[in-house]
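Some notes on the structure that comes next.
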Amino acid sequence: MEKHLYGLTALFDTPDAVVHAAEETVKAGYTRYDVHAPYPLHGIERTMRLKTSPLGYFALVFGLLGAISAVGLMTWITLVDYPLVIGGKPFWSWPAFVPVAFELTVLLASVLTVVSMIVIYFKFPNNSHPLHDTPFMKRVSSDGFGISIEAADPLFDEAKVHAMLASLGGKEVGAVYFDEADRDHGQKVFDLKFIGVLAGVGIAVAGFAYLALNVLLYLPPFDWMMVQNKLKPQAASTLFRDGIGMRQPVLGTVARGFLPYAFKGKPEEAGKSLANPLPVTQKVLDLGREKYLTFCSPCHGNFGRGDSRLNGQFPNPPTLHSDKVREWSDGSIYHVITEGQNVMPSYAAQVSRDERWAIVHYIRVLQRAQHAKESDLR
Amino acid sequence: MSTAVVDYTREEPVVAGRPTASEIDAVVSAPLDRPPARTWWIAFGITSTMLGIGVVCVAVTLWLGLGVWGVNQPVSWGFDIVNFVFWVGIGHAGTLISAILFLLRQRWRNGIARFAEAMTIFAVMCAGIFPLLHTGRPWLSLYLTPYPNQHALWVNFTSPLLWDVFAVSTYFTVSAVFWYLGLVPDFATLRDRTTHPVKKLVYSIFSLGWRHSSRHWTHFERAYLILAGFATPLVLSVHTIVSFDFAVSVIPGWHTTIFPPYFVAGAVFSGFAMVQNSLIVVRQVFRLKHLITLSTLEKMNKVMIVTGSMVGYAYAMEFFVAWYSGSQFETFVFVNRALGPYAWAYWTMVTCNVVFPQLFWFKKVRTSIPMMFVIAIFVNVGMWFERFVIVVTSLSRDFLPSSWGHYMPSIYDVGIFVGSLGLFFTLILLFVRVLPVISLAEIKAVIPGAQPERHRPH
């Protein structure tokens, strides 16, 4: 089987020896060579005439990217997508953005710089380099210093390089060959093993995601507040002697805003005694109109003509423009809204006291509009 | 006193004696290759039991809800926030040692940086438990991140609590990257040492194929420098932002501008104490006394006396400003700290943080292992109590006397704290068994004769 030469390697005992050897290698004009040491040797980059690492520019770009994306995201959120006043501050409170912008700058600059270095400059991960698993690598991994000169170098001549390395004091000067596996540079993406692993990982991730999102998250204690230790109205309870969950209010309790209605079942007295407490203002009339249109108009019609919109599903009431209603006192109309009349139910629960009085005012407006006096027309 | 002239222009060697690089490899990787000793199993049994206690208490908390904790109105931040600040603070020493001392070219850091960084990562992991549990429903913690959602809601970018989310998660990520980057060459060294096929496979994967190439080393050093440059302001920002959780509020005793520097100094103080405690045990057990020298420990003690004095100064200045401000509530809070129902905690804090570390002024104390070990334990206790005092005294008695209360932790609070200690030390015990506790590449670079003649330090 034909062997393919990767290059020659030599080991040195001291850092001074390897630095000297590196100097001579550079002088001899080799370019595809490397110095191996278990730790960074001071000044080796000058000896090897390496360019300054450009990673600083990477960090600058990634850092700016982090800062701009952080400030941009927060600006867009607070000005465009969901402006929200927080603590009475302006929407764009930039001092509050400093911490997050700083953290994202550091995060992107550090992580992406390291990833770029590993992927772009080291071309890692790569565990199939010919130098791996050689006695040479085992030494420079621990306490040796070494030089490798690649066969791909334009000046490479095995005998000459061997002689040079030996003359520089290199020990264990030897050749390193490519493994067959290392030489196989074909497309490995379609390798069955690779696809198999990929599919396995995919299935495992999908399975776990399904399990976590659809099963685990609905096991106790994750009840999503759907289970709550509380009693709903009408529910039974063993806590109380009568077995009922709902409780009567304490004796003598009065609900907030509750005023007893003094004219229950006494329409005449109501008509005589009650007077509209509200002034006739635009605001009151607007309120009355709104409530009339909501609660009264379905049966009484938008103008009080008794023209129901219900198409006979409910008996039509008489018109509000009859002499009888026009001559009623405000109190009588109020009483009818409060107590109901004939088939009309009480509206006390839906319409508050003040709203009822406002409706009364509005009914008067409707009546007057249909029966305008001459003075009104002028 | 002898009058021997000390030449301060010469740096003293970082490692004792002249160990060769292969000897260092052998001694540092020895714990990785032999089965654990009986003492390790005993220690592991203790720490994993503590961890188990914590797991049970967390499970009970998740099952029954936060009501099992001691927190209630008015002290709604109890042990959880105390422990969060405590653990984040512990982490700070690691980054200080690995990044700030690296920028300052303190070569003695090389022996302890790996271990301190590992501690940073573990401490931040412990810290993360508490705010997540404190949210009540930690399984919804995705809500802490800004992501587009059907509710069309975003997080509140003006809240220090949100800044915490970003600061702590960035801190964890960057620390982990920093740590891993330093480990890559060591993984390669271990890969080439081991004969075990499984270990070889694992080390190969994590070494990424590192070849100790000088072309790579130059990029590596640059990246390390950049990371150190970013980690330095990062570590200062993290505890600053943690202190904003308090300082941006209006509670008396919290609403002060001294908080950020005071918190950072305290964090470094407690972190160094924890690193020193752990390192003393590690160097004893794994026979690393020549690599983690007494002189290194002495330098750490000096850092402790500096930061401890800064913390003591902050305590005094808080009192002064409370009086000088003329604010009745502010004055009351501090008098209440020293003389009120939590005076025992306050004086524990002052004794442990301000009084005991002053003993480090004596070289005898500074260089005596048992003395420094005990003092560092006091510092850890004291720094925990500092956070307790800050959180609990201010909340339990603020503006309205009718709303005052008293806080006592429940057994679950204590259990989760014990569990976090268990998690921390369990991770440390696992770490010392599976990874080199000293950075091989960094320590080899500073042994005498490691550098070429013209670049040797004078």
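The sequence lines fix the lettering, A, B, ..., with proteins before strands; numbering per chain opens at 1.
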- Item | Toward chain A, the part of B/Leu181 with a non-hydrogen atom under 4.5 Å | side chain
- Task: Ignoring hydrogens and angles, state whether a donor on the side chain of B/Ser204 or A/Asn127 is under 3.5 Å from an acceptor on the partner side chain.
- Result: no
- Message: Would you compute the distance between atom OG1 of B/Thr218 and atom CG of A/Leu41 and round it to the nearest 0.5 angstrom?
- Response: 11.5 Å
- Query: What part of A/Thr14 lies closer than 4.5 angstrom to a heavy atom of chain B: side chain, backbone, both or neither?
  - Reply: neither
- Checking B/Arg137 against chain A: side chain, backbone, both or neither under 4.5 Å from a heavy atom? side chain
- Look only at the side chain of A/His129 and the backbone of B/Gly209, and say whether a donor-acceptor pair between them is shorter than 3.5 Å. no
- Query: Can you tell which of B/Ala152, B/Ala188, B/Ala59 has the highest number of heavy-atom pairs within less than 4.5 Å of chain A?
  - Reply: B/Ala152
- Task: Search all heavy atoms of B/Ala21 against all heavy atoms of A/Ser142 and return the closest pair with its distance.
- Result: CB-O, 3.5 Å
- Query: Are the side chain of A/Lys89 and the backbone of B/Thr158 linked by a donor-acceptor contact shorter than 3.5 Å?
  - Reply: no
- Evaluate the side-chain proximity of B/Pro233 to A/Phe102: yes if any heavy-atom separation is below 4.5 Å, no if none is. yes
- Message: At a 4.5 Å cut-off on heavy atoms, which part of A/Leu107 comes close to chain B: side chain, backbone, both, or neither?
- Response: both
- Which atom names give the shortest non-hydrogen contact between B/Ala441 and A/Pro38, and what distance separates them? CB-O, 3.6 Å
- Please determine, by modelled atom types, if B/Ser213 and A/His36 share a side-chain donor-acceptor pair under 3.5 angstrom. no
- Non-hydrogen atoms of A/His42 and B/Pro452 that approach each other most closely: O-CG, 3.9 Å
- Rounded to the nearest 0.5 Å, the NE2 atom of B/His216 sits from the CZ atom of A/Phe122 at a distance of 5.5 Å
- Query: In terms of heavy-atom proximity below 4.5 Å to chain B, should A/Ile118 be classed as side chain, backbone, both, or neither?
  - Reply: side chain
- Measure the CH2-CG distance between B/Trp139 and A/Leu217 for me, rounded to the nearest 0.5 Å. 9.0 Å
- Minimum-distance pair of heavy atoms, taken over all atoms of A/Ala96 and B/Trp163: O-NE1, 3.2 Å
- A/Asp133 and B/Lys200 ion-paired at < 4.0 Å: yes
- Do you see a donor-acceptor pair shorter than 3.5 Å between the side chains of B/His212 and A/Ser141? yes
- Item | chain A contacts, top residue of B/Tyr180, B/Tyr224, B/Phe230 (heavy-atom pairs, under 4.5 Å) | B/Phe230
- Item | Backbone of A/Met74 reached by a side-chain donor or acceptor of B/Trp154 within 3.5 Å | no
- Is there a side-chain contact between A/Val100 and B/Leu162 (heavy atoms, below 4.5 Å)? yes
- Task: Decide if atom CH2 of A/Trp94 counts as having more than 12 heavy atoms of other residues, nucleotides or ligands within a radius under 6.0 Å.
- Result: no
- Message: Is it the case that the side chains of A/Glu103 and B/Ser237 hold a donor-acceptor pair, with the cut-off being a distance below 3.5 Å and no angle test?
- Response: yes
- With rounding to the nearest 0.5 Å, note down the distance linking CD1 in B/Ile24 to CG in A/Asp143. 10.0 Å
- Message: For A/Tyr33, does the six-membered ring have the charged nitrogen or CZ of B/Arg215 within the cation-pi criterion, i.e. under 6.0 angstrom from the centroid and within 45° of the normal?
- Response: yes
- Item | A/Lys171, NZ atom: more than 12 neighbouring heavy atoms under 6.0 Å | no
- Item | Pairwise distance OH(A/Tyr39) to CD1(B/Ile447) - rounded to 0.5 angstrom | 6.0 Å
- Item | Residue part contacting chain B, namely of A/Tyr121, when any heavy atom lies under 4.5 Å | both
- Message: Between B/Ser214 (side chain only) and A/Val35 (backbone N and O only), is there a donor and an acceptor less than 3.5 Å apart?
- Response: yes
- Task: Let me know if B/Leu227 has heavy atoms under 4.5 Å from chain A in its side chain, its backbone, both or neither.
- Result: side chain
- Hey, could you give me the OG/CZ distance between A/Ser53 and B/Phe220, rounded to the nearest 0.5 Å? 12.0 Å
- Query: For A/Leu50, is it the side chain, the backbone, both or neither that has a heavy atom under 4.5 Å from a heavy atom of chain B?
  - Reply: side chain
